[in-house]
A.B. asks: 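Sharing a structure here in structure tokens format.
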Amino acid sequence: MRAISPQCFSVSAFRRLSSHAAARVDNHRQCITGPTKHTSHLHTEKTEPLISLIKSTSSKPHLLQIHAHLIRNSLFQHPIFFSPFLFDIALPPLHDLGYACRVFSKFSKPDVFQYNIMIRAYGMSDSPGNGFMLYQEMLRDGHQSDGRLLTTLMDFYSSNEKYTEACKVFDDMSHRDTIAWNVLISVYMRNRRTRDALGVFDMMQSSYDCQPDDVTCLMLLQACANLNALAFGERVHRYCEEHGFDKAMNICNALITMYSRCGCLEKAFEVFKGMTEKDVVSWTAMISGLASNGYGRDAIEAFREMQRAGVSPDDQTFTGVLSACSHSGLLDEGRMFFNSMSKEFGISPNIHHYGCVVDLMGRAGMVDEAYNLINSMKVKPDATIWRTLLGACRIHHQADLGEQVIERLIELKAQEAGDYVLLLNIYSSLGDWGKVMNVRKMMKDRGIQTNPACSTIEFRGKIHEFVANDFSHPRKTEIYEMLDEINQQLRIAGYDAETVAELHNVGTEEKQIALSYHSEKLAIAFAVLSTPPGTSIRVAKDLRICVDCHNFAKILSAVYSREVVIRDRNRFHHFREGRCSCNDYW
DNA sequence: GTAGGGTTAG
């Protein structure tokens with residue numbers, strides 16, 4: 001049978017199809033007791049083109065035409081046509097909820113699938129509450145909700161941030177298939193319960209009737225990347241190999257990202273090299289991975305290699321290339337790429353591109369130029385770009401500009417504790433203690449909450465989480481004893497925490513700051529305690545690492561002969577034999 | 001006489 005594409009759609013062709021189909025449905029009604037083999041064949045022949053016509057068009061005018069014809073031929077109330085029609089009109093890309101509601105309300109007896117479509121459509125709209133009402137109406141009509149509908153409902157709750165309800169639906173399900181488990185993972189990921197998401201992998205594998213699929217692996221790899229969970233990520237990688245998922249481009253690309261974000265460039269590159277076909281996503285993942293791990297020049301070389309391979313860069317590729325320049329302090333190269341991006345490649349700069357250039361100029365000490373660049377942008381500056389500049393002000397002790405930047409953040413109603421901490425650091429580095437007091441008071445008056453910074457470390461497949469002065473870990477006593485011992489050893493080697501004037505934990509009293517056990521130090525102490533000598537220590541931190549912890553890790557890498565990899569909010573810090581890949585703190 | 005639920009791969 002000839003495939004029907006939207007391009008060859010014509011009204012006359014359509015009329016022919018629908019009249020055949022109408023005849024067939026009438027025929028079907030007449031011989032409902034038992035169609036012959038011949039008529040059954042005829043049926044498929046005549047209805048399928050019409051159904052595939054509905055499915056293949058994403059154009060609203062075509063669908064409306066189809067709608068009119070269905071009504072004219074009394075076919076509209078037939079679920080075989082109504083379902084795909086509703087599917088097309090209610091869900092993206094069209095997602096015309098108003099139209100879908102009108103046709104849905106005219107449909108005499110919607111079935112579970114049709115309710116399912118409408119609930120999904122409501123879930124994507126700004127009136128999601130109606131979706132739940134519709135679900136209740138469906139149950140009142142005597143429909144039994146099946147597993148697929150419950151999966152939709154779970155996702156529906158989850159996309160409306162009702163995570164408890166979403167989990168409850170899952171708990172109440174009598175039978176869970178792979179997709180239901182996958183939705184549970186996505187519920188956890190949206191709810192920032194990334195560790196719980198990883199736990200689902202074990203539960204799925206121990207269930208006898210359903211196994212993780214490629215979608216499960218994609219989401220888990222993303223979770224591993226977020227958590228710096230290298231060992232878990234390797235486990236998922238092996239699973240992919242065992243099930244043949246590792247040939248798929250999206251899995252490979254996710255693997256490259258996972259390994260890069262876990263600071264394991266060799267593995268990322270191995271996956272990259274092994275790909276038979278590489279698309280712009282693969283190249284960009286590799287370039288960004290090199291960039292964030294401090295291999296700026298290699299990232300730029302990879303960019304050139306990509307062009308030689310005939311793959312065109314897109315906006316995200318340039319984000320990777322520009323961040324390579326900013327992380328490696330390549331000012332001239334960065335400007336060159338920024339200019340060529342729009343001139344040669346026709347890609348107009350977005351906020352991320354500007355952000356990289358602001359970072360680049362700011363680190364180079366050109367804070368005023370960076371400020372002017374932000375003001376000249378066609379796009380509206382966001383909080384992140386102001387924070388980048390604020391970070392530069394902190395490096396170069398630019399108190400006046402720092403104050404102005406805080407004002408911009410206040411205008412955006414986006415000021416966070418971390419912003420005030422940067423300002424505090426500027427004042428304290430200038431020795432302006434009066435201003436320090438003012439900022440503290442300002443924070444108190446404005447009710448700025450300090451969220452404790454959190455470091456995570458993976459050990460034996462489990463993620464261990466630490467906040468500063470954390471006493472919640474089961475091995476807390478050993479950890480604190482170990483940290484004290486490490487401090488003694490490092491002091492012998494020249495580590496001096498006392499000289500550090502930086503402040504980072506503003507929420508606590510000054511006395512506590514002096515004594516504070518930063519989350520990354522606790523995580524490192526835990527690793528030294530629980531892993532054999534020589535094992536690499538990999539820590540992920542949700543905020544920036546402070547100067548003191550940076551020095552701590554640097555000296556520790558020599559004294560304890562351990563490679564230490566810390567991934568903070570901005571970048572990786574690789575410490576080996578008393579040296580850091582990023583040369584200095586920033 | 002059929003449809004259908006889950007993935008922002010960078």
Side-chain angles (χ1 to χ4, degrees), chain A residues 21 24-25 28 32 35 39-48 50-52 54-55 78-88 90-91 111-120 123 145-156 158-159 166 169-170 173 176-187 189-190 200 210 212-223 225 240 245 248-258 260-261 268 271-272 275 278-292 302 306 311 313-321 323 352:
Chain A
R24 180 53 215 139
V25 170
H28 173 67
I32 197 121
T39 54
S40 164
H41 174 71
L42 193 74
H43 178 107
T44 318
E45 280 262 304
K46 301 306 172 196
T47 56
E48 256 189 13
L50 184 52
I51 294 165
S52 65
I54 297 172
K55 283 193 210 156
H78 203 281
I80 197 173
F81 299 116
F82 180 68
S83 293
F85 179 79
L86 186 68
F87 191 85
D88 274 3
L91 296 176
D111 63 14
V112 177
F113 169 50
Q114 290 145 6
Y115 275 108
N116 189 327
I117 294 172
M118 290 305 291
I119 292 169
R120 282 168 68 196
S145 56
D146 66 356
R148 291 188 173 103
L149 187 94
L150 288 175
T151 314
T152 299
L153 198 64
M154 243 178 105
D155 188 53
F156 174 83
S158 155
S159 51
V169 174
F170 183 82
M173 283 169 85
R176 294 119 181 184
D177 62 6
T178 301
I179 296 184
W181 284 103
N182 285 350
V183 176
L184 182 68
I185 296 176
S186 82
V187 170
M189 304 265 291
R190 281 184 186 152
V200 176
C210 80
D213 66 0
D214 54 337
V215 174
T216 319
C217 293
L218 275 180
M219 289 191 289
L220 287 176
L221 288 172
Q222 213 181 314
C240 288
F245 302 149
M249 186 114 79
N250 55 359
I251 292 280
C252 288
N253 295 343
L255 281 168
I256 295 169
T257 304
M258 184 276 291
S260 303
R261 301 253 292 143
V271 174
F272 180 76
M275 290 175 77
K278 302 179 185 79
D279 66 356
V280 62
V281 180
S282 328
W283 282 100
T284 304
M286 198 64 238
I287 290 168
S288 309
L290 287 164
S292 62
M306 165 183 173
V311 179
D314 65 9
D315 54 338
Q316 292 198 60
T317 317
F318 276 101
T319 306
V321 172
S323 81
H352 303 290

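It should be emphasised that the depicted structure is a prediction, and the values quoted were computed from it without experimental measurement. Every heavy atom of this structure was used, including side-chain atoms; hydrogens, water molecules and symmetry mates were not.
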A.B. asks: Consider only side-chain N and O atoms of A:Thr152 and A:Arg120, and report whether a donor and an acceptor are under 3.5 Å apart.
C.D. replies: no
A.B. asks: Given atom CG of A:Asn253 and atom C1' of B:dT7, what is their separation to the nearest angstrom?
C.D. replies: 14 Å
A.B. asks: Considering only heavy atoms and no angle criterion, is a donor-acceptor pair shorter than 3.5 Å present between the side chain of A:Thr151 and the base of B:dG5?
C.D. replies: yes
A.B. asks: Kindly point out which of B:dG5, B:dG1, B:dG10 is positioned nearest to the side chain of A:Pro79?
C.D. replies: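 Shortest atom-to-atom distance from the side chain points to B:dG1.
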A.B. asks: Between the main-chain N or O of A:Ile80 and the side-chain N or O of A:Ser83, is there a donor-acceptor pair closer than 3.5 Å?
C.D. replies: no
A.B. asks: Once you apply a heavy-atom cut-off of 4.0 Å, does A:Ser288 come out as touching a base, just sugar-phosphate, or nothing?
C.D. replies: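 Contact class for A:Ser288: none.
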A.B. asks: At what distance, to the nearest 0.5 angstrom, does CZ of A:Phe170 lie from OG of A:Ser158?
C.D. replies: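 The OG atom of A:Ser158 is 13.0 Å from CZ of A:Phe170, to the nearest 0.5 Å.
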A.B. asks: What is the distance from CG of A:Asp177 to C1' of B:dG4, rounded to the nearest Å?
C.D. replies: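 Checked: the CG to C1' distance equals 12 Å.
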A.B. asks: Report the distance from atom CE of A:Met275 to atom P of B:dG10, rounded to the nearest whole Å.
C.D. replies: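 Between P of B:dG10 and CE of A:Met275: 12 Å.
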A.B. asks: Would you say A:Arg190 reaches B:dT7's phosphate, i.e. side-chain N/O to OP1/OP2 under 4.0 Å?
C.D. replies: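 For B:dT7, OP1/OP2 do have a side-chain N/O of A:Arg190 under 4.0 Å.
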A.B. asks: In a check of side chain to side chain contact (heavy atoms under 4.5 Å, CB included) between A:Phe245 and each of A:Ile251, A:Val215, A:Leu255, A:Leu218, which one passes?
C.D. replies: A:Ile251
A.B. asks: Using a heavy-atom cut-off of under 4.0 Å over every strand shown, decide if A:Asp315 touches base, sugar-phosphate, or nothing.
C.D. replies: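 Counting heavy atoms under 4.0 Å across all strands, no contact is made by A:Asp315.
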A.B. asks: Under 4.0 Å, heavy atoms only, any strand: does A:Ser260 hit a base, just the sugar-phosphate, or nothing?
C.D. replies: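 Result for A:Ser260 = nothing.
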A.B. asks: Tell me the interatomic distance from A:Leu153, atom CG, to B:dG4, atom P, rounded to whole angstroms.
C.D. replies: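 Going from CG in A:Leu153 over to P in B:dG4 covers 20 Å.
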A.B. asks: Over all strands shown, is A:Thr152 touching base, sugar-phosphate only, or nothing at heavy-atom distances under 4.0 angstrom?
C.D. replies: sugar-phosphate
A.B. asks: So A:Val280, base contact, sugar-phosphate only, or nothing? Heavy-atom distance under 4.0 Å.
C.D. replies: base
A.B. asks: Looking at every strand, decide which applies to A:Met249 at a 4.0 Å heavy-atom threshold: base, sugar-phosphate, or nothing.
C.D. replies: base
A.B. asks: Within this structure, what is the CG-to-C1' distance between A:Asp314 and B:dA9, rounded to whole angstrom?
C.D. replies: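 Roughly 13 Å, once rounded to whole Å.
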A.B. asks: Where the side chain of A:Met219 is defined as all heavy atoms beyond and including C-beta, which of B:dT7, B:dG5, B:dA3 is the nearest nucleotide?
C.D. replies: B:dT7
A.B. asks: What nucleotide, of B:dG4, B:dG10, B:dA3, holds the atom closest to the side chain of A:Phe87?
C.D. replies: B:dG4
A.B. asks: Grab the CG-P distance between A:Asp111 and B:dG5 for me, whole Å please.
C.D. replies: 13 Å
A.B. asks: Give a yes/no answer on whether the side chain of A:Gln222 brings an N or O atom under 4.0 Å of OP1 or OP2 in B:dT8.
C.D. replies: yes
A.B. asks: From the options B:dA9, B:dG5, B:dG10, select the nucleotide whose nearest atom is closest to the side chain of A:Asp279.
C.D. replies: B:dA9
A.B. asks: Could you state the atom-to-atom distance from CG of A:Leu149 to P of B:dG5 in whole Å?
C.D. replies: 12 Å
A.B. asks: Out of B:dT7, B:dG1, B:dG5, which has the shortest distance to the side chain of A:Ile80?
C.D. replies: B:dG1
A.B. asks: When you get a sec, tell me which of B:dA9, B:dG4, B:dA3 is the closest nucleotide to the side chain of A:Arg120?
C.D. replies: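 Ranking B:dA9, B:dG4, B:dA3 by closest atom to the A:Arg120 side chain puts B:dG4 first.
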A.B. asks: Rounded to whole angstroms, how far apart are CE on A:Met189 and P on B:dA9?
C.D. replies: 11 Å
A.B. asks: Between the main-chain N or O of A:Asp314 and the side-chain N or O of A:Thr317, is there a donor-acceptor pair closer than 3.5 Å?
C.D. replies: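 The answer is yes, because a donor-acceptor pair under 3.5 Å joins these two groups.
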A.B. asks: Which nucleotide, B:dT7, B:dG5, B:dA3, lies nearest any side-chain atom of A:Phe113?
C.D. replies: B:dA3
A.B. asks: Do NZ/NE/NH1/NH2 and the carboxylate oxygens of A:Asp155 and A:Arg190 come within less than 4.0 Å?
C.D. replies: yes
A.B. asks: Do A:Asp146 and B:dG5 have a side chain to base donor-acceptor pair shorter than 3.5 Å?
C.D. replies: no
